[in-house]
Student: 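Quick one: the structure is below, and I'll ask about it shortly.
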Amino acid sequence: MVLLKKHEDCIAQAAEIIRSGKLAVIPTDTIYGFSTVDTEEGALLIQKAKGRSPEKAFIRLISSPEEIKRYSPAEINPRLTGYWPGAVTIIVPVSGGGTMAFRCPGDIWLRKLIKEIGRPVFSTSVNISGSSPLVRAEDIERQFGDTADLIVVDDEATAGQNETGKLPSTLVDASVYPYRILRQGEVFIPDSCLSF
């Protein structure tokens with residue numbers, strides 16, 4: 001199924017499909033991403049679509065900056081979380097042990113979608129593992145139209161306006177101290193945000 005992001009029922013329809021554990025491609029504030037609910041079954045769906053190793057973890061998108069407190073007991077530098085909503089992914093220690101990567105996206109539509117779903121969703125670039133991310137809706141439909149249960153099309157991306165210049169999110173490991181920048185992406189993070 002293909003839906004236009006601007007369609008008035010898009011959020012409700014997309015939320016129902018994703019909430020049911022199906023695989024979707026949705027536009028984010030950076031690039032298009034594979035998304036589904038954050039379950040073991042959801043991770044397997046994305047791994048199969050991408051041909052990705054199960055050792056690589058996925059980013060979880062949340063609907064508000066405050067939501068991170070539900071998953072991590074860590075006190076995070078407020079200058080770092082101040083970039084939320086936005087294209088910054090933060091790895092944090094989580095309750096029960098281990099770490100997870102979270103991002104509160106800058107796109108209002110996407111935050112409304114996540115809130116409607118009622119839980120975090122996985123997000124990762126749309127591509128076969130090891131190849132470049134697909135940024136044009138028509139290319140995504142051609143390669144993954146039979147794999148994804150839903151593709152949400154952003155008009156700007158369809159028109160080719162997002163083909164260049166968009167970077168993935170900046171990735172910061174806040175499970176260590178001082179924090180480490182693992183990937184410099186869309187948002188520049190100064191050193192002052194890496195310790196407090």
Side-chain angles (χ1 to χ4, degrees), residues 1-39 41-52 57-65 67 84-89 101-129 131-171 185-187:
M1 174 187 286
V2 176
L3 292 174
L4 290 178
K5 178 181 175 181
K6 67 180 181 181
H7 193 278
E8 62 181 356
D9 293 330
C10 185
I11 286 179
Q13 291 186 56
E16 183 177 351
I17 289 170
I18 295 170
R19 195 188 300 116
S20 69
K22 295 180 179 179
L23 183 63
V25 173
I26 56 177
T28 74
D29 50 345
T30 54
I31 56 179
Y32 277 101
F34 277 124
S35 285
T36 188
V37 287
D38 65 333
T39 62
E41 294 78 14
L44 289 172
L45 275 179
I46 299 178
Q47 288 163 5
K48 183 178 179 181
K50 290 175 66 78
R52 179 169 168 166
F58 295 114
I59 294 169
R60 288 164 170 82
L61 300 181
I62 53 179
S63 62
S64 70
E67 197 176 341
W84 282 353
V88 174
T89 299
F102 291 91
R103 180 159 65 89
C104 179
D107 186 81
I108 295 174
W109 177 91
L110 183 52
R111 295 201 306 276
K112 287 181 178 178
L113 174 62
I114 299 164
K115 186 174 182 179
E116 181 76 15
I117 292 167
R119 62 186 299 169
V121 296
F122 286 134
S123 182
T124 183
S125 59
V126 181
N127 60 299
I128 298 298
S129 188
S131 62
S132 298
L134 299 179
V135 295
R136 290 165 45 97
E138 52 264 43
D139 294 334
I140 293 170
E141 289 182 52
R142 187 179 306 113
Q143 185 162 357
F144 294 106
D146 294 331
T147 303
D149 297 286
L150 168 69
I151 297 174
V152 175
V153 176
D154 183 330
D155 285 343
E156 289 187 2
T158 303
Q161 295 175 24
N162 290 346
E163 289 182 37
T164 61
K166 279 229 172 182
L167 298 172
S169 63
T170 298
L171 180 59
E186 188 74 17
V187 176

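Residues take their numbers from the sequence shown, with the count starting at 1.
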Student: Once rounded to the nearest 0.5 Å, what's the spacing between atom OG1 of T124 and atom CD of Q47?
Tutor: 10.0 Å
Student: Measure across G145 and I151 and return the closest heavy-atom pair with its distance rounded to 0.1 Å.
Tutor: CA-CD1, 4.2 Å
Student: So does S63 get a backbone contact from the side chain of E67, meaning a donor-acceptor N/O pair under 3.5 Å?
Tutor: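 Pair found, side chain donor or acceptor close to backbone of S63.
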Student: Do the side chains of D107 and P27 get nearer than 4.5 Å, heavy atoms only?
Tutor: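 Side-chain contact under 4.5 Å: no.
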Student: What's the separation between atom OG1 in T89 and atom CZ in R60, rounded to the nearest 0.5 Å?
Tutor: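 So the OG1 of T89 and the CZ of R60 are separated by 12.5 Å.
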Student: Starting from the C-alpha separation in whole Å, work towards a yes-or-no answer on side chain to side chain contact (heavy atoms under 4.5 Å, CB included) for S123 and T28.
Tutor: CA-CA 9 Å; S123 182; T28 74; 4.1 Å; yes
Student: Is the side chain of R19 donor-acceptor paired with the backbone N or O of E116 at a distance under 3.5 Å, no angle test?
Tutor: yes
Student: What I'd like to find out is whether the side chain of C104 reaches to under 4.5 Å of the side chain of V88, using heavy atoms alone.
Tutor: no
Student: For the side chain of D29 and the backbone of G106, is there at least one donor-acceptor N/O pair under 3.5 Å apart?
Tutor: yes
Student: Does some side-chain heavy atom of P133 sit less than 4.5 Å from a side-chain heavy atom of V126?
Tutor: no
Student: Strictly distance-based, threshold 3.5 Å: is any side-chain N or O of R111 a donor or acceptor partner for the main-chain N or O of P105?
Tutor: yes
Student: Nearest heavy-atom pair of A15 and L113: which atoms, and what distance?
Tutor: N-CD1, 3.6 Å
Student: So does D9 have more than 12 non-hydrogen atoms from other groups sitting under 6.0 Å from CG?
Tutor: yes
Student: Does atom CD (E16) have a neighbourhood of more than 12 heavy atoms from anything else shown, all under 6.0 Å?
Tutor: no
Student: Kindly compute the distance separating NZ (K50) from CG (N127), expressed to the nearest 0.5 Å.
Tutor: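 If I round to the nearest 0.5 Å, the distance is 3.5 Å.
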Student: Looking only at atom types and distance, does a side-chain atom of S35 sit under 3.5 Å from a main-chain N or O of F122, one as donor and one as acceptor?
Tutor: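 Here the side-chain-to-backbone pair exists.
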Student: Go through R52 and I46 one step at a time and tell me if the side chain to side chain contact (heavy atoms under 4.5 Å, CB included) criterion holds.
Tutor: CA-CA 8 Å; R52 179 169 168 166; I46 299 178; 5.7 Å; no
Student: Taking the six-membered ring for Trp, are F34 and F144 closer than 6.0 Å centroid to centroid?
Tutor: yes
Student: To the nearest 0.5 Å, what is the distance between CD1 (I114) and CD1 (I26)?
Tutor: 6.5 Å
Student: Looking at K22, is its backbone amide N or carbonyl O close enough to the side chain of T36 to form a donor-acceptor pair, meaning the two atoms are under 3.5 Å apart?
Tutor: yes
Student: Any side-chain to backbone donor/acceptor pair from Y32 onto D154? Under 3.5 Å, distance only.
Tutor: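 A pair under 3.5 Å: yes.
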Student: Looking only at non-hydrogen atoms, find the nearest pair between T147 and A49 and report the distance.
Tutor: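 For T147 and A49, the tightest heavy-atom pair comes out as CG2-CB, 3.7 Å.
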Student: Distance-only, no hydrogens or angles: does the K5 side chain make a donor-acceptor pair with backbone N or O of W109 under 3.5 Å?
Tutor: no
Student: Taking T170 for its side chain and V187 for its backbone only, find out whether a donor-acceptor pair lies under 3.5 Å.
Tutor: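 Flag set: sc T170 to bb V187 pair under 3.5 Å.
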Student: Scan I59, L171, I62 and name whichever one has a side chain to side chain contact (heavy atoms under 4.5 Å, CB included) with R103.
Tutor: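 It is I59; the other options fail the test.
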Student: Testing the basics here: between A14 and L3, what is the closest heavy-atom pair and its distance to 0.1 Å?
Tutor: N-CD1, 4.4 Å
Student: So which heavy atom on V121 is nearest to which on I117, and how close?
Tutor: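 The answer is CG1-CD1, 3.7 Å.
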Student: Compare every heavy atom of V25 with every heavy atom of I140, then report the nearest pair and how far apart it is.
Tutor: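 Heavy atoms of I140 and V25 come nearest at CG2-CG1, 3.9 Å.
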Student: Say you draw a straight line from CG of L61 to CZ of R119; how long is it, rounded to the nearest 0.5 Å?
Tutor: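 Here the rounded value is 13.5 Å.
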